[in-house]
2 protein chains.
Amino acid sequence: MRGSTKRKILDLAESLLQRRGYNAFSYHHLSQELGIKNAAIHYHFPTKEALGLQIIERTRDRFSKWTNHPEHRILPTKDQFDWFIKSYQYNLNSDNRVCLIGSLATDYYTIPVSMQSAIHKLSYEVQIWTARLLDSGRQAEELSFKGRAQDKALNIISSLAGSLQLARLLGNEYHYRVVKQIYIDLNLT
Amino acid sequence: MRGSTKRKILDLAESLLQRRGYNAFSYHHLSQELGIKNAAIHYHFPTKEALGLQIIERTRDRFSKWTNHPEHRILPTKDQFDWFIKSYQYNLNSDNRVCLIGSLATDYYTIPVSMQSAIHKLSYEVQIWTARLLDSGRQAEELSFKGRAQDKALNIISSLAGSLQLARLLGNEYHYRVVKQIYIDLNLT
DNA sequence: GTCTATACCTTGATAGAC
DNA sequence: GTCTATCAAGGTATAGAC
C-alpha cells in the first residue's frame, strides 16, 4: 500500500467512482491521468472488481479506525456528529463527489457480487454507529428527537447521501441547508 | 405516443434507467426484452440522448399534471403529502428502482447536457412544490416543523431519494422506517 | 513495474432492403 | 416500422519483452 503508484491509482479511482459512477470510469481514464499505460494498472489491480473492492474496504477501514479510536469515542456527541457531517462535506468540496454508499447503491445491480457484499457491510456499520451515537446522545440530553434512534439514524444518513446528489442539480448551498435542518431537528446547536 | 412500441420502449427504458443507471442499460437490453432489433429502437429514438430526455420530460409532465390538477390542489396537506410519498414507494415496489432524480444525479457528469438541463428542471419543480406544501401546511396548522420550509423540503426530498438507495443495501423496511420518521418529525399522523 | 501489442467483447449508431 | 448487416469506438483483460 505504501507503493506510490498503487496508492495513486486507488485515490484516483475512488475519486472517479464517486464522481462518475462505477460504470463510467475506465482503466483508460486512470492511465491517462496518471501518465502510465493501462497494463500497469492491471499489474496493481488485476481486475476492475479488485480495484472497486479495495476502494470500499479502505473506506470501511477509515470509518472503523476513526469510530473505534479511544480518544474519539469519548468525545461529546456533537463533536462526533460534526466529524460525521464533515466527512460528507469533504466529498462535496472535492469535485462534487457523492458519498461512496450513494454511488454504489444506485449502481448496485450492475456491480460484482463481492462489491455488493462489501458496500452492504459498510452501510450496516455506518448505520449502527450513527444509531448508537444518537441514542446515547439523547440519553445524555445532548440532543433530542422523537421516535426510535435507528429510524432517525437512517433518516439522517439518507438525507446526507441524497443531499450530495441534489447539490449537483440545485447547487452546493442546498447541501448546507439540509445539514442546517438536520441540526435544527436534533436541537443540536 | 399512443404508438404501442414507442411507449413500451419508453416504459422499459425508464425502468432500466432507475434500476441500473444511465450507463448500464443499452439498446441491446431493450431490444432483447421487447423482442425487436436495436435498429427498430433507433427508429423511435434516434439517439440514447433523445430516449433519456423523453424519460425525464414524461416524468416532469406527470408531476406537473398531478400537482396542477384543480382537485388535487385543494386536498388537505396530508393527502397531498401522502401522494408524494407514494410516488417513491411505487419505485421501491417496482424492482427496487431508485427515483429518477437520484439515478441521474449520481450519473450527472456522464450524461448529455440536454439531460442535465432537464433533470435540473425536474428537481427544481419538485423542490418548489414541496416547499410550498410544507409552508402552507404549517400555516394551516396541519403539520409543524422548525426552520425554513425550503430547507425542510430539501431535507425530506434528499431523505426520500437516499432511502430508496439504502433500501437496496439494508432492506426495503428501512425505507418505510425513514418515511415513518419523516411523519413523526412533521407531527403529521 | 512498466511497456507494446493485441484479443475479444459490448456499445451506440447507420445504410439500405423489405 | 422492422429487418439484416455492418461499423467505429471504447471497454476489460492478457502475453510477453524490457
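Order of the sequence lines sets the chain letters (A, B, ...), proteins ahead of strands, with each chain counted from 1.
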Which residues share a salt bridge (charged side-chain N to carboxylate O under 4.0 Å, His left out) with B/Glu49, sequence neighbours left out: none

Distance in angstrom units between B/Leu51 CG and C/dA13 C1', rounded: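 Those two atoms, CG and C1', are 14 Å apart.
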
Atom pair distance, as rounded to whole Å: NZ in B/Lys37 and C1' in C/dC18: 16 Å

Protein-to-nucleotide contact annotation, 5' to 3' order, nucleotides 7-13 of chain D [B base; S sugar-phosphate only; - none; under 4.0 Å, heavy atom]: ----SBB

Could you pull out all residues at least two apart from [X] that satisfy side chain to side chain donor-acceptor pair (under 3.5 Å)?
X        : result
A/Glu14  : A/Arg58, A/Arg62
A/Gln150 : A/Gln127, A/Arg148, B/Arg177
A/Ser64  : A/Asn68
B/Lys146 : A/Asn187

B/Phe45: ring pair (Phe, Tyr, Trp, His ring centres under 6.0 Å) partners, not counting sequence neighbours: none

Proximity to DNA chain C (any heavy atom under 4.0 Å), residues of residues 11-20 of chain B only: none

Stepwise side-chain hydrogen bond (donor to acceptor under 3.5 Å, both in side chains) test for A/Ser117 and A/His120: CA-CA 5 Å; A/Ser117 168; A/His120 172 273; over 6 Å; no

Side-chain N,O (A/Tyr43) to OP1/OP2 (C/dG1) below 4.0 Å: yes

B/Thr77: side chain to side chain contact (heavy atoms under 4.5 Å, CB included) partners, not counting sequence neighbours: B/Leu133, B/Glu142, B/Leu143

